[in-house]
Protein chains: 2
Amino acid sequence: MNIKQVAKKARVSTATVSRIINDSSLVSPETARRVWRTIRQLNYHPDSQARSLVSGRSRILGLIISDITNPFFPELVKGFENLALQNHYEVILNNTNYDPARMATCVRRLLERRAEGVAIMTSEMDPELTDELAKRGIPIVFLDVGSVRNRISNIRVDYAQGIREAVDHLITGGHRRIGFISGPMSLKSACTRKSAFLKCWRAYGFAEDNGLIVEGNHKIDGGESAMSRLLQLKPRPTAILASNDLSAIGALGAIRLAGLRIPEDISVIGFDDIDFGQFTHPPLATIRLSRTELGGKAFNALYRILHGDSKKGEEYNVETHFVARESTGPAPQPGRQTQ
Amino acid sequence: MNIKQVAKKARVSTATVSRIINDSSLVSPETARRVWRTIRQLNYHPDSQARSLVSGRSRILGLIISDITNPFFPELVKGFENLALQNHYEVILNNTNYDPARMATCVRRLLERRAEGVAIMTSEMDPELTDELAKRGIPIVFLDVGSVRNRISNIRVDYAQGIREAVDHLITGGHRRIGFISGPMSLKSACTRKSAFLKCWRAYGFAEDNGLIVEGNHKIDGGESAMSRLLQLKPRPTAILASNDLSAIGALGAIRLAGLRIPEDISVIGFDDIDFGQFTHPPLATIRLSRTELGGKAFNALYRILHGDSKKGEEYNVETHFVARESTGPAPQPGRQTQ
DNA sequence: GGCGCAAATGTAATCGATTACATTCCAACT
DNA sequence: AGTTGGAATGTAATCGATTACATTTGCGCC
C-alpha cells in the first residue's frame, strides 16, 4: 500500500499523487478527485518516515519530564500534546524517572528520531546534553529553570506573584509566624520555590528564621513529617505555606493528628492547585500554577521558533495566583493558643 | 552527519559502518574500533527514520488511553513505557479525551508512523478502527475489554477476585446492607466493574436491590452526590463499595458532611488503590489493581507477538486484591444507628 | 606456484516518499 | 500559421540507512 500502487491504480505518476496529498492546487480537480477515490479504496496512508526522510522534517517533538506519576505533570503533558496534535506534530514523551543516565538516553533517542524540537522540565539536565541538541540546531525550551544558557528559550514561572498574594492574605488575617515546607533541595524547582518564598519574606521585613523552614520531599509523607517538626516549635507557627499541594496535604494530616483544627489553630496553603486540593478536608487553599498553560506555552515557544516567528532564547511567563479556600482563616488570638 | 560522512572520514564504505552499528561480528575488530572512534568524534546518530524505512521495522508502539489526567493512567503508562524503552521501542502516547473522532485521528497517525503494535485502553473504540490495524497485520492488545474479537489479544482484569475478598471482609464484619457507587454507564470499564460486583452479589445470595446501586461519574464530585443519595435510604447501608477510589473519596466527604463517622457508622471501600488513598482520613481501604503490572503485561503481550513467541488473540490476566485500611470496620449494631 | 576458501570490505539496489526539471498540450496572441 | 506561455503531468534524483551480491585479500595446502 505505497504511493506507487496508488499511482498505478489511478493511472497517474507518483509525483501527481504526492502533489494531491500535499497540496492539490497544482493538479486538475478532476484528477484529484479520481486519485482521492483510489486512495480511499486502497486505504492508503503515506509513510511518514519516508516523508520526513526526504523533507527533512520529522514533525516530532520531544517532551522530557521527570515522572508522569507525579500529579504535577499529566496536565502539563495534556496542554502540550493537545496543541501539538492540532498542529500535526507527534509528541514523544520521555520520563527520566529522576535518573541522569536515563536523561541521556532520552536525548539520544530524540536525536535519532530527528525530533524537531524539545521541551524539558526536569532537574537532572546535563549541559552537555543541551549542547548536543543545540549543536544540531534543534530548538530547546526549558520550563521553569532559573538560569538559562544562551539561545535556549525558557518559560518562567512567576512564583513571586502568587506567593505575595498568599502572604498578603495571611498577613491581613493577622498571621505573623508563617512556616514554610520546602521540597527536596536536590530538586532545582524546589529551590526556586523556596528562594521565591524567602525573597518575598525579606521584602516584608521579616527576619529569616530558619526554624520556620523545614524540608519535605514534595510528597505527602514528607509533608507530614515536616509539619510535625514545625508543630514542636514554640510558639507554634499560625500558618503554613507548602512548596506543593502534596506537602500541604501531608501537613493537614499531621495537624489533625496533633489534635489541632484547620484553620482555627493553623492555616495551610499549598502550591500548584492539583485537583485533589478541592476535596481535602478542609478544601486546600493554594497558589495556582496552570500546568495546562505551562505546557501550552512550551509548545507555542517551540512552534514559533520552528516557524521563524521568533528567535531562540526568548523568555515567556506563566503567572501564579492565590486561590482562597477553607484551609485558611484569621490567626488565632495569642492567648488562646491551645497546647 | 550521516553515514556517508562517517564512512568517508573513517576510510571505509557505508556498508561497513552500517555493519558496525548493527552487529560488528562481520567486521574486523580493528576497523570497528577505528570507526567507533570516528562515530564518537563526529557525534553521529543514525537516522531511525531511514533505518526503519529500509528495515520495515519502525520500533514504535502506540499506547492509546482516554486521558492522562485521570489518575488511573499515569502508572499504566509508566509500566508500559519502562519495558518498551528497555527493549528499544519508542512509545507514542495518545489521549483520546473520550472523543471517538480523536480516536480515529490517533489510529491514522499510528498507521502513518508505521507503528508495529498498539495497546488500547479506552471505551470509545470503533470496530472499524481495529480492523484498519488488523488488516495491516499490526498486533493489537486491548486492556480490560469484555468481549474481544478474533485475533486481538486482551489483558483481562480479574475484578471478581478482589471484590470477593472485599465483600467477604465486610460480611465477616457483620455487614449486610452494602451500597455500590458505580461509574458512568457510558464507560465500558465502569459497566464491567458494576457487573462483576452484581455477579459477586448474587453469588452471595443477596437480592438485587437497585436502590443500593447508584451511578457516579468516577470522579470525586460524583462520588459525593451518589453517596448523599445513598444516605437517604432507610435503613441506611452500613458499607459502601465504590467503582473507583475517586468515587470513594467523594463518598468519604459526603459521609463526613452528614455528620457520620467512618468506619463506625459506615465502612467505605474504594477500587484501584491510587496513591492518595493512603492519605485520606481515614486511610481508604481499597481493591488494588496494579496498573504498572497492567501496562507491563500489555507491552509483554505485544512483544511476544512481535517476536513470534505467541499468537495474536491470547488472553492475559491481572489479579485484584483487597487492601485493608482504616475506612472499614464492623457493622454498627442495628439499634445504635444514629439518624 | 596455483587453487580454494573464508574473512573483510565494497558496490549498488532498495525502502517510500518529495521535488527539481522536463515534457506535453492547448489556448491565446501577433 | 507560428510563437508564447501556462497548466497538468511525468521522469528521475534524492533523503540516509540496510543488505544482497560482488570483489578483494590473505592464508593454508597439495
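A, B, ... follow the sequence lines: proteins, then strands. Residue 1 opens every chain. Note that the structure is a prediction, hence the values are computed from the model and not measured.
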| request: Nearest whole angstrom, please: distance from the C1' of C:dT18 to the CD of A:Q49. | output: 16 Å
| B:V54, nearest nucleotide to its side chain (from C:dC15, D:dT14, D:dT9) | C:dC15
| query | Using a heavy-atom distance cut-off of less than 4.0 Å, which residues of residues 2-18 of chain B contact DNA chain D? | reply | B:N2, B:I3, B:A15, B:S18
| request: Can you tell me the distance, in whole Å, between the CZ atom of B:R113 and the C1' atom of C:dC15? | output: 17 Å
| field | pair B:I152-B:N154: side-chain heavy atoms closer than 4.5 Å | value | no
| request: Nearest whole angstrom, please: distance from the P of D:dA17 to the CD1 of B:I39. | output: 10 Å
| task | Calculate the interatomic distance between B:D47 atom CG and D:dC15 atom P; express it in whole Å. | result | 12 Å
| request: Compare the minimum distances between each of C:dC21, C:dG16, D:dA17 and the side chain of B:L53, then state the nucleotide with the smallest one. | output: C:dG16
| If only atom types and distance count, is the side chain of B:N97 paired as donor or acceptor with the main-chain N or O of B:D99 below 3.5 Å? | no
| said: Whether B:S28 contacts C:dT9 is assessed here as follows: a side-chain N or O lying under 4.0 Å from the phosphate OP1 or OP2. Is that the case? | reply: yes
| query | Nearest nucleotide by nearest heavy atom, which residue falls closer to the 5' end of DNA chain C, B:P29 or B:R114? | reply | B:P29
| request: To the nearest Å, give me how far apart CD (B:E30) and C1' (C:dA7) are. | output: 14 Å
| message | Please determine whether the number of non-hydrogen atoms from other residues, nucleotides or ligands lying under 6.0 Å from atom NE2 of B:H307 exceeds 12. | response | yes
| query | Does B:E30 pair with B:R34 as a salt bridge, N-O distance under 4.0 Å? | reply | no
| field | Separation of D:dA17 C1' from B:H45 NE2 (nearest whole Å) | value | 16 Å
| task | Check the side chains of A:S189 and A:T192 for a donor-acceptor pair under 3.5 angstrom, ignoring hydrogens and angles. | result | no
| field | Separation of D:dA8 P from A:N22 CG (nearest whole Å) | value | 17 Å
| said: Quick check for you: among C:dG16, D:dA17, D:dA8, whose closest atom lies nearest to any side-chain atom of A:T31? | reply: D:dA8
| message | Please check if the number of heavy atoms outside B:R57 that lie under 6.0 Å from its CZ is greater than 12. | response | yes
| task | Measure the shortest side-chain to side-chain distance between A:I3 and A:Y44 over non-hydrogen atoms and say whether it is less than 4.5 angstrom. | result | yes
| request: Rounded off to whole Å, could you give me the CG-to-C1' distance for the B:L26 and D:dA20 pair? | output: 13 Å
